[in-house]
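First comes the structure, then the notes that go with it.
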Amino acid sequence: MKECPRCGGDAVPDPEHERVLCCLSCWHTWALPRSCPGFLPRLMPALRVLGESRKLNC
């Protein structure tokens, strides 16, 4: 298992997205870098975090 950069909790691969990790404690998601330095699949995790922050601001 990996460690979450936000809270330090355990992280597992996200079942919905390839090469994305999800924290089991705070549900923070982030993408793992590919071997190609120009491509990082961050759109879906970024949209999920954006959606969560919008719910908190309401």
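It should be emphasised that the depicted structure is a prediction, and the values quoted were computed from it without experimental measurement.
Closest approach of Cys23 and Cys26 over heavy atoms only: SG-N, 3.5 Å.
With contacts defined as side-chain heavy-atom distances shorter than 4.5 Å, the pair Leu21/Val12 does not qualify.
With sequence neighbours excluded, the residues satisfying side chain to side chain contact (heavy atoms under 4.5 Å, CB included) with Pro5 are His28, Trp30.
The NZ atom of Lys2 lies 12.5 Å from the CG atom of Asp10; values are rounded to the nearest 0.5 Å.
Just one of Cys22, Cys7, Cys4 meets the side chain to side chain contact (heavy atoms under 4.5 Å, CB included) condition when paired with Trp27; it is Cys22.
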